[in-house]
Peer 1: 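Take a look at the following structure, please.
Numbered from 1 within each chain, the chains take letters A, B, ... in sequence-line order. Everything quoted here is computed from the prediction, not taken from an experiment.
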Amino acid sequence: MLSRVGYALRETWQGFQRNWTLTAASVLTAAVSLLLAGVSFFIQKAFDQVLEQWSNNVQFVVFMQPDATDDQVAAVRSTLEDQQASGIVREAPYTDKTASYEEFRRLFATNPTVRDTLTEEEMPTQFKVAPASEDSVVINNLIGQFRGRPGVLDVRSPAEYVKVISKLSGFIRWVTTALWIVLLGTAVGLIWNTIRTAMFARRREIEVMKLVGATNWFIRIPFMLEGLIQGLIGSAIASASLVGLNVIWTGRIRSVTAGLSNVKDLALVHFIVGSGYVGSIVVRLIVLGALAGAAGAGIAASRFLDV
Amino acid sequence: MLSRVGYALRETWQGFQRNWTLTAASVLTAAVSLLLAGVSFFIQKAFDQVLEQWSNNVQFVVFMQPDATDDQVAAVRSTLEDQQASGIVREAPYTDKTASYEEFRRLFATNPTVRDTLTEEEMPTQFKVAPASEDSVVINNLIGQFRGRPGVLDVRSPAEYVKVISKLSGFIRWVTTALWIVLLGTAVGLIWNTIRTAMFARRREIEVMKLVGATNWFIRIPFMLEGLIQGLIGSAIASASLVGLNVIWTGRIRSVTAGLSNVKDLALVHFIVGSGYVGSIVVRLIVLGALAGAAGAGIAASRFLDV
Amino acid sequence: MIRLENVTKIYDGDVTALRDASFDIPKGEFIFLVGPSGSGKSTILRLLNRQYKPERGDVWVAGKNINRMREGDVPRLRRQIGNIFQDYKLLLNKTVFENVAYALEVIGQPRHVIRQQVPQVLDLVGLAGKEDRFPNQLSGGEQQRVSVARAFVNRPLILLADEPTGNLDPATGEGIMKLLEAINKTGTTIVMATHDQVIVNSMRKRVVQLDRGVIVRDQTRGVYE
Amino acid sequence: MIRLENVTKIYDGDVTALRDASFDIPKGEFIFLVGPSGSGKSTILRLLNRQYKPERGDVWVAGKNINRMREGDVPRLRRQIGNIFQDYKLLLNKTVFENVAYALEVIGQPRHVIRQQVPQVLDLVGLAGKEDRFPNQLSGGEQQRVSVARAFVNRPLILLADEPTGNLDPATGEGIMKLLEAINKTGTTIVMATHDQVIVNSMRKRVVQLDRGVIVRDQTRGVYE
Ligand SMILES: Nc1ncnc2c1ncn2[C@@H]1O[C@H](COP(=O)(O)OP(=O)(O)OP(=O)(O)O)[C@@H](O)[C@H]1O
Ligand SMILES: Nc1ncnc2c1ncn2[C@@H]1O[C@H](COP(=O)(O)OP(=O)(O)OP(=O)(O)O)[C@@H](O)[C@H]1O
Ligand SMILES: [Mg+2]
Ligand SMILES: [Mg+2]
């Protein structure tokens with residue numbers, strides 16, 4: 001048994017050395033394919049984070065009359081707290097007169113005439129409600145519950161905005177999923193292709209081995225080990241590239257967002273993928289590379305095994 | 001000579017039939033690689049359009065005093081017209097009191113108290129100036145020329161917005177260019193790889209041809225024709241896929257933007273790449289596929305020609 | 001040990017390489033297959049090694065009907081048979097040593113046995129000192145001798161030799177024949193296809209002669225023609 | 001036609017396959033190279049075909065010093081030489097017809113010439129009817145005959161034959177030898193490496209004998225040993 005293991009390892013090593021054109025080609029293809037796969041995971045994660053952020057931004061505003069009583073405000077607040085408890089609403093912070101006034105002045109910074117027309121006392125107070133769902137039907141239903149209640153001046157939702165976000169996030173999910181499938185499919189196809197070509201180049205070798213009395217597994221295992229190692233080297237290269245790309249990517253985003261408070265609204269920072277997740281992609285790539293290499297080589301060898 | 005051509009064509013055809021594992025592998029790789037290249041062209045175009053749109057949106061506002069005289073307004077307008085003529089400013093439409101008032105009400109649709117505090121007469125009129133450059137230094141310089149002129153209430157630019165757009169478009173250009181280089185580089189690498197492996201599988205054939213007295217070109221030409229045709233088939237598949245993807249893509253964007261006027265602001269429609277440009281990508285892919293196939297095969301064959 | 005019963009082999013549906021051939025080879029016999037080029041000698045050897053199945057008839061080797069054999073049992077059959085192929089079928093990216101060692105690795109011999117036996121066998125066929133060459137660094141006759149060495153290194157029950165002396169000079173060929181005779185003496189059944197009249201005539205063993213796929217002569221202590 | 005002047009060939013820096021060999025072959029001569037396996041016969045033929053360059057000495061073929069030849073002129077040299085390789089070197093994914101036709105295509109023969117000459121030559125070597133087979137659908141001897149056919153289909157100035165009868169039965173081998181003699185009569189110089197004593201002894205041509213890379217005998221109207 002031990003001699004078998006030794007044999008398989010020696011065979012593998014020799015396969016490497018003596019067919020190095022093929023080895024280099026396989027490793028390169030594996031690296032490229034796995035990098036594509038890794039990038040597809042990466043893109044999906046980045047957009048997931050951004051979409052999450054977007055859906056957090058969907059909200060409507062319950063304006064209280066400037067002269068609403070404390071009881072009226074408390075009643076609305078308790079309804080919102082119930083809805084928060086049952087998970088329909090994520091959060092609903094209250095903005096008092098002072099805060100409302102400041103926001104108003106900030107918004108109208110570019111329009112001084114308007115900015116100076118209102119006093120703090122005239123500002124309506126408001127609840128900014130962030131529903132848990134992005135679905136515009138659910139949100140409209142929720143809005144209906146506040147409209148016309150005592151002390152409520154009006155309930156406004158940027159209806160278009162809600163619709164856009166809901167459609168857009170669907171669209172982006174679709175795009176990233178499609179990209180993911182295409183890139184991953186491509187990766188698998190390329191690896192399979194290279195392995196098959198490499199096996200084709202070695203088909204006579206396989207035939208001779210069979211004729212000398214080698215069993216299928218005896219032939220297959222060194223090829224599989226070879227494929228496994230090629231896959232591992234490929235995934236190491238892909239992982240290193242991915243980590244490198246992530247460093248560059250993160251650096252670029254940091255430099256773009258540096259000193260821009262407004263950028264938060266663009267959700268740009270959410271495109272930064274944490275190194276923890278990159279680590280988990282690396283693990284996936286290594287497993288994928290090893291499996292695809294070994295299984296691919298095993299299956300491809302089988303094509304030439306029936307002598 | 002004619003017999004040579006006939007010979008080369010027959011050789012090519014046989015290369016196809018008899019090595020069809022290799023042929024299939026090469027065609028598939030070419031298709032995948034060219035599709036990657038095509039997608040990279042596509043992405044770059046789509047983002048270029050969006051960036052163009054964004055930079056069109058960079059602007060600052062010259063607020064005229066509500067009681068500015070017609071002469072004062074005309075003086076500012078004439079300066080802006082000069083700047084337009086010299087290409088520093090792209091456009092500078094004037095918004096009169098009525099239009100300003102309507103925009104104000106639209107902006108404050110969700111805040112009825114504010115909305116109803118101002119009358120039309122109290123609104124300042126304004127020039128919305130769209131500079132030709134996105135560079136914030138150039139824009140600040142421009143702004144300085146209007147600040148403090150008679151009749152000018154204030155000049156305001158959403159300074160953060162300008163900075164963000166300027167940085168963001170630089171960033172996105174960087175990302176799409178990087179993507180383009182990586183995908184195109186990958187494509188070239190993969191084609192080269194496959195061709196070399198295929199040649200490796202046929203190295204003994206090449207050796208025998210040399211020993212029988214074939215010149216290098218006599219051997220190379222059928223291989224190059226074979227590579228050329230493989231490249232062409234590959235690019236046909238890639239082109240068809242790209243056109244298909246574009247149809248799906250355009251359809252998705254149309255359906256997302258349907259009935260959303262607000263979406264214009266998100267510049268989403270500018271992601272639609274015209275079929276004319278897709279056509280030009282297809283032409284590029286076909287040329288690229290044919291060249292890469294032929295040249296790659298010719299060069300790869302050379303490696304095994306020195307017997 | 002080996003029995004053919006009315007065996008017909010047709011390649012690609014229209015080339016009848018062997019027609020209704022029957023013979024019986026007891027254990028330990030040495031038999032020559034002779035006949036003109038293309039008469040079916042290699043075909044018989046390929047049938048015995050289960051490289052092909054016949055279209056009609058049965059092939060028995062070592063007590064088993066190998067046409068009815070499961071695919072999984074074929075390697076075991078082949079390990080009992082030593083094969084010298086007409087075109088050598090060496091592994092081109094293994095050295096001489098490794099090529100011969102492969103036949104031992106296949107049957108799971110431990111490394112120390114391999115290290116001891118392979119050089120011994122290479123010495124017997126006159127290849128001492130060429131262990132580390134690759135097949136394409138050898139002369140034609142040297143490659144042939146590697147294939148001879150590989151065929152008997154694991155002491156098989158049966159040795160199938162297709163023109164084992166075709167690329168050898170008479171003296172070296174004679175050496176190989178002495179070797180085969182010695183192996184035959186230890187009980188190994190040997191079937192050898194050959195064109196070498198001198199060898200066949202000097203050995204006086206059983207001769208089976210083929211002509212266009214038909215056995216036209218089966219003679220004990222026969223001569224070439 | 002062919003001249004070797006103190007030629008030494010060393011493979012891989014340490015295998016001296018040919019040592020200080022010299023001989024001169026006038027146009028139209030028929031010469032046998034004999035010697036034990038590994039003595040350097042194929043090496044001489046490879047040097048004449050410019051498959052390798054010698055480490056020392058000069059090789060003259062058809063009036064040219066082929067060591068000094070530019071790479072670009074090598075194909076023209078090879079087209080004047082017909083080669084029968086010891087391992088045949090057939091193109092495995094071409095049919096018999098195409099393999100033979102290739103030697104004509106290389107010199108730019110028009111198609112109608114190819115269509116006429118190839119079947120004629122295949123008929124001469126006894127392969128009529130097997131035009132559309134691939135090499136691995138042929139017996140060993142048949143493959144050898146394809147390589148013979150390819151070597152002389154373009155009526156070369158020189159024919160280099162490495163064991164052209166190694167896998168042929170005596171009768172077929174004799175047929176091939178008759179063919180070579182006829183070709184030789186038309187003025188083609190023939191250098192043939194062989195192990196076949198019967199042939200050498202019956203033809204009584206010039207014999208050059210090698211032993212471990214050294215020419216030990218050069219005899220007109222010689223015998224094998
Ligand atoms: N794989 C194959 N496909 C088709 N025909 C084949 C195949 N192998 C052999 N043949 C044909 O079968 C016949 C017998 O071939 P075989 O190899 O048995 O001859 P042989 O006696 O060994 O000849 P040689 O002495 O030349 O080696 C020949 O006519 C050959 O062309
Ligand atoms: N490519 C090579 N690399 C290294 N050594 C080689 C190479 N080719 C041949 N040799 C060695 O050179 C010597 C002469 O080889 P050559 O092929 O000329 O012999 P030969 O006389 O043709 O023998 P045979 O009758 O067996 O064909 C042999 O010892 C062989 O091992
Ligand atoms: Mg045979
Ligand atoms: Mg030789």
Side-chain angles (χ1 to χ4, degrees), chain C residues 11-12 14-15 17 33-43 45-46 85-88 90 125-127 129-130 132-145 162-163 165-176 193-198 200-201 209-211 213 224-225, chain D residues 11-12 14-15 17 33-43 45-46 85-88 90 125-127 129-130 132-145 162-163 165-176 193-198 200-201 209-211 213 224-225:
Chain C
Y11 288 110
D12 301 332
D14 67 341
V15 185
L33 293 177
V34 301
S37 173
S39 57
K41 303 180 294 298
S42 298
T43 300
L45 297 179
R46 284 190 208 118
F85 299 99
Q86 197 166 5
D87 53 355
Y88 319 149
L90 299 179
V125 298
L127 288 176
K130 304 205 159 97
D132 293 334
R133 303 263 197 97
F134 288 95
N136 63 2
Q137 298 175 327
L138 294 177
S139 80
E142 286 162 350
Q143 290 181 43
Q144 190 158 47
R145 284 178 279 158
D162 204 346
E163 303 271 1
T165 59
N167 275 292
L168 298 178
D169 58 291
T172 314
E174 208 176 299
I176 296 293
T194 189
H195 292 305
D196 196 318
Q197 333 184 35
V198 181
V200 176
N201 292 344
Q209 186 179 341
L210 289 157
D211 189 22
Y224 187 85
E225 196 83 77
Chain D
Y11 289 111
D12 300 332
D14 68 340
V15 185
L33 293 177
V34 302
S37 174
S39 57
K41 303 180 295 296
S42 300
T43 299
L45 298 178
R46 284 190 209 119
F85 299 98
Q86 196 167 5
D87 54 355
Y88 320 150
L90 300 179
V125 297
L127 288 177
K130 302 202 160 100
D132 294 333
R133 302 264 197 95
F134 288 95
N136 64 1
Q137 297 174 328
L138 294 177
S139 80
E142 287 162 351
Q143 291 180 40
Q144 190 158 45
R145 283 180 278 159
D162 205 346
E163 303 270 0
T165 59
N167 275 291
L168 298 178
D169 59 290
T172 313
E174 209 175 300
I176 295 294
T194 189
H195 292 306
D196 198 316
Q197 335 184 33
V198 180
V200 175
N201 292 344
Q209 187 179 340
L210 288 157
D211 189 23
Y224 187 86
E225 196 79 79

Peer 1: With only heavy atoms counted, which part of D/Glu142 is less than 4.5 Å from chain C, the side chain, the backbone, both or neither?
Peer 2: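 Both the backbone and the side chain of D/Glu142 come within 4.5 Å of chain C.
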Peer 1: Heavy-atom cut-off 4.5 Å, strictly under: side chain, backbone, both or neither for C/Asn167 against chain D?
Peer 2: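 Contact with chain D: backbone and side chain both.
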Peer 1: Side chain from CB out, backbone as N, CA, C, O: work out which of these in C/Gln137 comes under 4.5 Å of a heavy atom of chain D, or both, or neither.
Peer 2: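 Interface part for C/Gln137: side chain.
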Peer 1: Shortest non-hydrogen contact from D/Ser139 to C/Ser37?
Peer 2: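 Smallest heavy-atom distance, with atoms named: OG-OG, 3.7 Å.
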Peer 1: Does the side chain to side chain contact (heavy atoms under 4.5 Å, CB included) test come out yes or no for D/Asp87 and C/Gln143, once each step is laid out?
Peer 2: CA-CA 11 Å; D/Asp87 54 355; C/Gln143 290 181 43; 5.8 Å; no
Peer 1: Select one option (side chain, backbone, both, neither) describing which atoms of C/Asp196 are under 4.5 Å from chain D's heavy atoms.
Peer 2: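 Contact with chain D involves no heavy atom of C/Asp196 at all.
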Peer 1: Side chain to side chain contact (heavy atoms under 4.5 Å, CB included) between C/His195 and D/Thr172: does it pass, once the steps are laid out?
Peer 2: CA-CA 10 Å; C/His195 292 305; D/Thr172 313; over 6 Å; no
Peer 1: Measuring heavy-atom distances to chain C, does D/Tyr88 have an atom under 4.5 Å in its side chain, in its backbone, in both, or in neither?
Peer 2: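 Neither part.
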Peer 1: For D/Glu174, I'd like to know if atom CD has over 12 heavy atoms of other residues, nucleotides or ligands within 6.0 Å.
Peer 2: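 Atom CD in D/Glu174 is not packed in, count stays at 12 or less.
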Peer 1: Report the residues that fulfil salt bridge (Lys or Arg N to Asp or Glu O under 4.0 Å) with D/Glu225, sequence neighbours left out, ordered by chain and then residue number.
Peer 2: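 Listed in chain order: nothing, the list is empty.
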Peer 1: Counting only heavy atoms closer than 4.5 Å, note whether C/Glu163 contacts chain D via side chain, backbone, both or neither.
Peer 2: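 Just the side chain, heavy atoms under 4.5 Å.
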